[in-house]
Amino acid sequence: MYAYISGTLADKSPTDVIVDAGGVGYRLLIPASSYDKLPAKGKATKLLTTFVVREDAQILYGFATEAERTLFETMTSVSGVGPKLALAALSAMNPSELRETVVVGDAAMLTRIPGVGKKTAERLIVELRDRFAKLDGLETSGTLDDGDSGTARADARAGLEALGLSRADAEWRLRKALRAHPGSHSAEDLIRLALREG
């Protein structure tokens, strides 16, 4: 319903903000990952939004980046995963860390999210691994950046899938290869490195 809200940042805390847009103060719940990117109070801001309607409430959620909103919406599309858990996950890890943790199946890391025990972590991995593996263009850090290397990584992943690997396994091998061999690589080099990581 709402794509974004643009206005003056009237108030902010690590869990919510108030944006003054045209004389109306909109309260949005946010993850900690968005809080870190907010300007000072009184400054102009723009937050991407997701509007959630429940039987007992209508809540507007705000995000500083498309990656945060995409992961939030992907998580909450899974039965039993509510907005509270999705916000907690994005507050505990940045989007690229969260995506990688789920794709590689690191249940121990997921249990560090408040409210997530071992069983919930395992269920999140089962339910979200393939969905997260399909998400391209999320903000990344370190060796995985935008531009040519991002294109090479996408091409390499497609090549690994053509060789019979699942998307999740291909992504896991690529990330492992890039951590072990940082720098810019061609798709061909990445495929070779990723196959060695098996």
Side-chain angles (χ1 to χ4, degrees), residues 1-22 24-52 57-78 81-104 106-117 120-121 124-125 128-129 131-147 149-150 153 171 175 178-179 182:
M1 182 175 182
Y2 302 105
Y4 65 87
I5 287 186
S6 181
T8 302
L9 187 61
D11 198 11
K12 67 176 182 175
S13 80
T15 57
D16 66 305
V17 298
I18 296 175
V19 178
D20 184 330
V24 178
Y26 293 90
R27 180 173 179 258
L28 297 88
L29 300 185
I30 61 168
S33 55
S34 288
Y35 178 77
D36 295 336
K37 300 176 182 76
L38 292 172
K41 289 182 191 178
K43 299 287 186 183
T45 190
K46 177 180 176 181
L47 288 170
L48 303 174
T49 58
T50 294
F51 187 54
V52 175
Q58 297 182 20
I59 304 169
L60 200 55
Y61 294 88
F63 307 94
T65 67
E66 186 59 51
E68 291 167 343
R69 179 168 67 177
T70 298
L71 287 188
F72 177 87
E73 290 178 346
T74 303
M75 289 187 76
T76 55
S77 70
V78 173
V81 178
K84 185 176 179 181
L85 177 58
L87 279 187
L90 285 167
S91 294
M93 299 177 217
N94 70 43
S96 57
E97 290 170 336
L98 178 58
R99 177 177 180 263
E100 180 175 2
T101 299
V102 170
V103 169
V104 302
D106 191 344
M109 182 67 83
L110 288 175
T111 60
R112 296 181 185 179
I113 299 169
V116 175
T120 302
L124 287 174
I125 290 167
L128 293 168
R129 176 181 266 163
R131 297 186 199 202
F132 276 13
K134 292 175 184 174
L135 296 177
D136 292 322
L138 286 177
E139 64 187 14
T140 54
S141 59
T143 57
L144 303 175
D145 52 14
D146 295 329
S149 62
R153 182 170 64 91
E171 184 72 20
R175 287 182 177 273
L178 284 166
R179 276 197 298 271

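Note that the numbering runs from 1 along the sequence shown for the chain.
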Interatomic spacing from [atom1] in [X] to [atom2] in [Y] - rounded to 0.5 Å:
X    : Y    : atom1 : atom2 : result
F63  : T49  : CZ    : OG1   : 8.5 Å
S96  : L135 : OG    : CG    : 12.5 Å
L47  : R69  : CG    : CZ    : 10.5 Å
D16  : Y35  : CG    : OH    : 10.5 Å
F72  : L85  : CZ    : CG    : 10.0 Å
M109 : T101 : CE    : OG1   : 5.5 Å

Any side-chain heavy-atom pair of [X] and [Y] under 4.5 Å:
X    : Y    : result
T76  : V52  : no
M75  : L90  : no
R131 : V78  : yes
L38  : I30  : yes
M93  : L110 : yes

For [X] and [Y], which heavy atoms make the closest approach, and how far apart are they?
X    : Y    : result
A133 : R99  : O-NH2, 3.2 Å
A121 : T111 : CB-CG2, 4.0 Å
A64  : S34  : N-OG, 2.9 Å
A88  : P114 : CB-O, 4.0 Å
P39  : A44  : CG-O, 3.5 Å
A92  : I113 : CB-CG1, 4.0 Å

Exercise. Side chain of R129, backbone of V103: donor and acceptor closer than 3.5 Å?
Worked result: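 Yes, the answer is positive, given that a donor and an acceptor are paired below the 3.5 Å cut-off.
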For this session: Please assess K37 against T45 for the test side chain to side chain contact (heavy atoms under 4.5 Å, CB included), listing each intermediate value before the final yes or no.
Result: CA-CA 10 Å; K37 300 176 182 76; T45 190; over 6 Å; no
N/O donor-acceptor pairs under 3.5 Å from side chains in residues 4-11, not counting sequence neighbours:
residue	atom	partner	partner atom	Å
D11	OD1	K41	NZ	3.1

